[in-house]
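Working notes, structure below.
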Amino acid sequence: MALSESLSPYQNELIEHAMSVDALKFGQFTLKSGRISPYFFNAGLLCTGPILASLSKAYAKTIADALAASKIPSFDVLFGPAYKGIPFASTTALVLHTEHNIPVGFAYDRKEAKDHGEGGKMVGVDVKGKKVLVLDDVMTSGKAIRGSIETIRAHGGEVVGVIQALNREEVGQDGVSSTVKEIEGLIGEGRVLSILRMRDLMVWLEAHGETANLDKMKEYWDQYGLK
Ligand SMILES: O=P(O)(O)OC[C@H]1O[C@H](OP(=O)(O)OP(=O)(O)O)[C@H](O)[C@@H]1O
């Protein structure tokens, strides 16, 4: 794979900031899938004010660029699946407003439906009749995102896109399918956005002379990368 592209400042900032808090690590990690990965992303560690600022700035810029390029249509509501999607979607909705003048509503679900007060599973702006963008940290099997799509549709909303922080760009266990492709099958081709892809991490490693880590990433890409 040729790594000629350069990264945007917000992508570099997020990679370096995530590395500084160990949310992004290079080394050797056994994934739930059993694959031995040369890198690991743990969004649970993106938990300080400064890192949330970098992250939401990067989500918001990726969304604003996708809107400007008509990759996704204008939308009304940003939906963050419980739990980690909730803070990330709320801070991103804020940055979309303050930095891009894009005013959107914000909604999220509960993992357990509430049986008192207003009740139900959904909180925030009513998605009925609205265009919705789903924001989460990562997709692995796609279960969380599929659940969000079903919930939003069941409440009368239309899912026009999904954004994740990092796209691992890997094939599934069958060696052909990918979670991103499966989700795009549900919501439309090109509608799954990400701030970073595995190949962006490789661009960063190359630019910083991290040859040993880059070689391991290339090997992994050759074995499991989406071709
Ligand atoms: O594609 P999948 O196989 O569903 O995996 C990805 C999901 O898993 C993680 O959340 P988790 O379910 O651990 O919940 P949390 O956000 O409450 O930690 C992550 O935040 C995604 O939502």
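Both counts, for ligands and for their atoms, begin at 1 and track the order of listing.
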Please determine whether a side-chain nitrogen of the Lys or Arg among Lys218 and Asp222 lies less than 4.0 Å from a carboxylate oxygen of the Asp or Glu. no
Partner residues of His97 under the side-chain contact (heavy atoms from CB on, under 4.5 Å) criterion, sequence neighbours left out: none
Could you give the distance from CH2 (Trp204) to CD (Glu210), rounded to the nearest 0.5 Å? 5.0 Å
Using a side-chain heavy atom cutoff under 4.5 Å and only I, L, V, M, F, W and Y, what cluster partners does Leu226 have? Val171
I need the full list of side-chain hydrogen bond (donor to acceptor under 3.5 Å, both in side chains) pairs touching residues 130-150, with sequence neighbours left out, sorted by first then second residue. Arg146-Glu182
Hey, can you tell me if Tyr59 and Phe88 have their rings parallel, tilted or perpendicular (30° and 60° cut-offs)? tilted
Any protein N/O atoms within less than 3.5 Å of an N/O atom in ligand 1? List the atom names and distances, or say none.
from     : atom 1 : to     : atom 2 : distance (Å)
ligand 1 : 1 (O)  : Thr140 : N      : 2.7
ligand 1 : 1 (O)  : Ser141 : N      : 3.1
ligand 1 : 1 (O)  : Gly142 : N      : 2.6
ligand 1 : 3 (O)  : Ser141 : N      : 2.9
ligand 1 : 3 (O)  : Ser141 : OG     : 2.5
ligand 1 : 4 (O)  : Lys143 : N      : 3.4
ligand 1 : 4 (O)  : Ala144 : N      : 2.8
ligand 1 : 14 (O) : Lys111 : NZ     : 3.0
ligand 1 : 16 (O) : Tyr83  : N      : 3.2
ligand 1 : 16 (O) : Lys84  : N      : 3.0
ligand 1 : 16 (O) : Lys84  : NZ     : 3.3
ligand 1 : 17 (O) : Tyr83  : N      : 3.1
ligand 1 : 17 (O) : Lys111 : NZ     : 3.0
ligand 1 : 18 (O) : Lys84  : NZ     : 2.6
ligand 1 : 20 (O) : Lys84  : NZ     : 3.4
ligand 1 : 20 (O) : Asp137 : OD1    : 2.6
ligand 1 : 20 (O) : Asp137 : OD2    : 3.2
ligand 1 : 22 (O) : Asp136 : OD2    : 2.6

